[in-house]
Amino acid sequence: MEKGKFIKMALTGNEAYAYAMKQINPDVVAAYPITPATEIVQIFSKYVADGLVDTEFVPVESEHSALSACVGASVAGARVMTGTSSQGLALMHEILYIAAGLRLPIVMAVVNRALSAPINIHGDQSDTMGSRDSGWIQVYTENADEAYHSVIMAIKIAETVNLPAMVMLDGFIISHEMEVVNTLPDEAVREFIGDRKPLYNLFDFDNPITVGPLDLQDYYFEHKRQQMEAMFNAKKVIPEIVKEYNEKFGTDIPAFVEPYRLEDAEYAVVAMSSAAGTMKEVIDAWRERGEKVGLLRLRITRPFPYEELRKYLGGLKAVGVMDRAESHSTQGGPMLQEIKAALYDLETRPKVTGFVFGLGGRDFDDEQANKILEMVKELKDGKELPLYSFIGVRE
Amino acid sequence: MQRLNLKQLAERSQGFAPGHRACAGCAFPSIIRMLLAAGADYNLVIANATGCMEVVTTIMPYSAWPVPWVHNAFENAAATIGGIEKAYKALVKKGKIKETGKPVKFVAIGGDGGTYDIGFQALSGAIERGHDFLYVLYDNEGYMNTGIQRSSATPMYAHTTTSPSGKVIPGKQQPRKDLTKIIAMHRPKYAAQGSPAFWNDLVKKFQKGLEVEGPAFIAVLSTCPPGWGTPENISIELTKLAVETRFWPLYEYEDGYWKVNYKPRKFVPVEEFLKPQGRFKHILKRPELIKQIQDEIEKNWEELLWLESRKPKEE
């Protein structure tokens with residue numbers, strides 16, 4: 001493909017996911033429907049029914065079995081994908097750790113949705129934030145276009161480091177909104193990802209292997225240490241693969257973080273996913289008024305880009321971290337705590353406060369964005385702020 | 001189908017390695033050897049649920065398994081083997097691997113906890129989807145790996161650590177779930193109950209279960225000396241008594257029809273099966289409770305004969 005010669009398609013986030021999966025043409029997809037990710041399996045089943053992919057599709061009876069079948073298929077050497085959301089991801093929780101511990105490069109398209117109770121089908125990130133220590137690479141995308149490219153890159157990243165990867169987009173806000181997506185031709189996708197080259201062949205009957213044995217005090221720790229080595233390796237591999245992709249196709253996808261108008265900023269907010277898009281607009285308006293404010297969009301949270309966070313945030317006077325999830329620790333959202341920890345070792349570090357917003361799909365609007373910027377500005381100017389605040393909620 | 005004699009069985013058991021940590025008197029190593037012997041005409045791939053068998057046969061860095069073997073978790077052996085089976089199909093279809101030598105067959109193995117209870121949904125789903133696999137249940141009637149807790153396979157009045165025989169309550173209060181019949185009602189290609197004491201019948205069942213294309217299920221009674229409170233040297237005798245008392249009838253379900261494979265000439269009272277087992281000690285002097293177990297057996301037997309009475313129409 002000629003660099004930058006994209007095939008422009010109008011796709012929703014779910015359609016972009018499904019279309020990427022069609023082009024990847026995985027060997028096995030095992031999945032279960034759940035709002036708002038249902039369309040991914042619906043569209044993909046139609047691709048199977050129409051013979052547009054030669055994937056073996058396994059329409060399982062639960063998300064637990066979806067990921068269990070993915071683990072089986074991936075152990076068998078297949079390139080494997082699935083998709084889910086919220087309760088579905090929670091039901092997979094046990095197997096998330098097994099997929100990572102067995103070092104299986106499964107790629108999962110996740111649509112972020114609030115967790116019950118109370119039951120709610122709309123977008124927040126409590127589902128994947130609850131999976132952050134499961135050993136999966138975690139990529140949060142801002143829009144359908146980025147989700148599309150990220151899923152394709154995730155295949156190569158996962159298979160290079162032998163770890164599973166999940167790619168996220170915001171429920172309904174992105175999953176159901178139509179945007180222009182710059183797609184690649186099928187051959188370009190297939191050429192970029194190549195074939196999976198598994199480390200072991202389960203079907204070598206002359207040299208049978210045992211996968212998933214009981215691993216006690218004498219070996220378990222070494223295996224977990226090796227698993228961490230893979231995650232350390234992912235820190236190196238991810239920017240290389242993102243760079244290769246951008247250079248090859250003319251995209252402009254950031255690796256771990258996206259700095260936005262941070263050059264001479266005195267204070268900034270850290271935001272993720274679609275909320276970062278809204279925040280960029282509001283920051284533009286503040287910049288026009290001469291405010292020295294910027295944004296750092298956090299795109300990948302596992303492995304956690306503490307070096308990049310130190311680099312971009314370390315010299316600022318104040319930082320506000322936005323979490324679309326609670327940690328229920330009383331110490332703020334999960335990203336607030338991790339970012340604070342990343343900055344702690346710096347000799348001079350910004351003041352940091354947190355914001356929990358948008359739970360259960362509560363719209364994140366300009367008014368809330370302005371409120372957040374005002375508070376971070378006050379923090380910069382020396383005002384004492386609480387550890388974190390709830391934004392856009394009736395109290 | 002080749003009928004295998006004992007010598008052939010020994011030759012064909014594919015080297016399931018000694019040195020595994022199964023307890024003395026545990027029946028499942030014998031069951032596995034019979035499965036591997038029956039499966040020697042194929043290349044087997046096995047998915048094993050978490051449980052005693054998984055734990056004792058694969059203590060890193062050792063493995064007793066002479067065939068490819070995968071352990072995922074407790075409740076998902078059926079989903080795991082389904083994924084493996086589909087992966088094989090996809091990789092062959094795409095030319096990424098070649099079909100060579102013996103046909104490949106997919107086997108899932110689970111204990112009663114992983115099959116009757118926590119893995120029931122995954123098994124039901126995998127059979128409904130028609131995966132080509134044989135599910136082998138080794139049923140020792142309780143959660144033995146965690147230290148003898150009740151499962152829905154535990155028989156009525158058996159003492160376990162979570163259905164203890166106390167001053168007021170005499171062990172488990174409910175009869176077992178009739179899993180083989182429930183599985184048969186999924187209309188798999190083949191379903192059967194077997195016992196290691198009837199090795200000829202069991203090996204034949206394994207051969208049938210492996211031969212059919214599509215889902216097959218075989219429930220095998222297994223013993224657990226620590227869990228059942230029995231001496232280590234009577235395991236096979238016990239699995240024989242279980243059949244002679246009709247506590248564990250041998251039957252199969254094929255093409256919609258039922259066949260009872262063994263009808264004892266003389267019905268042995270269930271008490272003979274209960275007597276050697278510590279887990280029933282507390283009811284041996286309570287004939288009214290034993291009668292309930294016997295009544296349950298008669299009812300089930302009658303039902304089984306009734307099911308068997310429906311014969312295919314002659315063409």
Side-chain angles (χ1 to χ4, degrees), chain A residues 25-30 32 53-62 64-80 82 94-95 97-99 102 104 106 195-198 200-220 222-223, chain B residues 14 21 42-48 50 54-94 96-102 104 106 108 121-126 128-129 131:
Chain A
N25 191 19
D27 301 316
V28 176
V29 168
Y32 188 80
V53 290
D54 43 7
T55 306
E56 287 292 328
F57 176 58
V58 196
V60 282
E61 82 298 330
S62 71
H64 193 281
S65 283
L67 195 55
S68 298
C70 286
V71 164
S74 190
V75 166
R79 176 172 280 158
V80 182
T82 187
E94 180 196 25
I95 313 301
Y97 288 74
I98 292 173
L102 291 179
L104 302 173
I106 298 164
D195 277 335
R196 182 184 166 199
K197 294 178 188 67
Y200 301 96
N201 178 6
L202 186 68
F203 304 114
D204 180 356
F205 296 98
D206 295 327
N207 301 290
I209 57 168
T210 289
V211 182
L214 178 68
D215 204 23
L216 297 175
Q217 302 92 319
D218 42 1
Y219 287 98
Y220 180 91
E222 280 72 23
H223 290 140
Chain B
Q14 302 196 43
R21 271 80 149 180
Y42 307 102
N43 281 322
L44 301 183
V45 183
I46 292 178
N48 204 151
T50 308
E54 166 261 329
V55 166
V56 303
T57 58
T58 66
I59 303 181
M60 179 78 196
Y62 304 107
S63 172
W65 293 92
V67 297
W69 181 97
V70 179
H71 163 245
N72 186 348
F74 192 9
E75 67 281 59
N76 61 4
T80 305
I81 202 72
I84 295 172
E85 182 242 352
K86 289 293 182 191
Y88 182 74
K89 218 171 149 186
L91 294 172
V92 168
K93 185 167 66 182
K94 294 184 177 190
K96 292 181 185 174
I97 54 172
K98 285 195 189 81
E99 276 183 296
T100 49
K102 298 184 273 190
V104 178
F106 302 91
Q121 172 185 313
L123 175 59
S124 174
E128 184 274 331
R129 289 190 300 277
H131 290 284

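On a predicted model such as this, the values are computed, not experimentally measured, just so you know. Letters A, B, ... mirror the listed sequences (proteins, then strands); counts begin at 1.
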Measuring heavy-atom distances to chain A, does [X] have an atom under 4.5 Å in its side chain, in its backbone, in both, or in neither?
X        : answer
B:Phe106 : side chain
B:Val104 : side chain
B:Val55  : both
B:Pro61  : both
B:Ala47  : neither

>> Looking at chain B, which one of A:Gly72, A:Cys70, A:Ala66 has the largest number of heavy-atom pairs inside 4.5 Å, strictly under?
In response: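 Sorted descending by pairs with chain B, the first entry is A:Gly72.
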
>> Quick check for you: among A:Ile98, A:Leu216, A:Val75, which has the greatest number of heavy-atom pairs under 4.5 Å with chain B?
In response: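 Option with the top pair count is A:Ile98.
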
> When rounded to the nearest 0.5 angstrom, what distance separates CD in B:Glu75 from NE2 in A:His64?
Replying inline: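 The CD atom of B:Glu75 sits 3.5 Å away from the NE2 atom of A:His64.
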
> Looking at CG of A:Leu102 and NE2 of B:His71, how far apart are the two atoms once the value is rounded to the nearest 0.5 Å?
Replying inline: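 Taking CG in A:Leu102 and NE2 in B:His71, the distance rounds to 9.0 Å.
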
Checking heavy atoms, do the side chain of [X], its backbone, both or neither come under 4.5 Å from chain B?
X        : value
A:Ile209 : backbone
A:Asp206 : neither
A:Pro59  : both
A:Val60  : both

>> Applying side-chain hydrogen bond (donor to acceptor under 3.5 Å, both in side chains), can you list everything that pairs with A:Asp204, at least two apart in sequence or on another chain?
In response: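 Per chain and number, A:Asp204 pairs via side-chain hydrogen bond (donor to acceptor under 3.5 Å, both in side chains) with A:Asn207.
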
>> Can you list everything that forms a side-chain hydrogen bond (donor to acceptor under 3.5 Å, both in side chains) with A:Asp215? Sequence neighbours excluded, please.
In response: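 So A:Asp215 forms a side-chain hydrogen bond (donor to acceptor under 3.5 Å, both in side chains) with A:His223.
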
Do [X] and [Y] have side-chain heavy atoms sitting under 4.5 Å apart?
X        : Y        : answer
B:Ile84  : A:Phe203 : yes
A:Thr210 : B:Tyr62  : no
A:Arg196 : B:Lys96  : no

> Under 3.5 Å, is there a donor-acceptor pair linking the side chains of A:Ser62 and B:Gln121?
Replying inline: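 Per modelled atom types, A:Ser62 and B:Gln121 side chains form a pair under 3.5 Å.
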
> Hey, is B:Lys94 close enough to A:Asp27 for a salt bridge, meaning N to O under 4.0 Å?
Replying inline: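 Answer for the salt bridge query: yes.
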
>> I'd like to know if the side chain of B:Lys86 reaches the main chain of A:Val28, judged simply by a donor and an acceptor atom lying under 3.5 Å from each other, with no hydrogens or angles considered.
In response: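 No, the answer is negative, given that no donor and acceptor are paired below the 3.5 Å cut-off.
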
> What residue, out of B:Asn43, B:Thr80, B:Asn76, has the most heavy-atom pairs lying under 4.5 Å from chain A?
Replying inline: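 Maximum pair count with chain A is reached by B:Asn43.
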
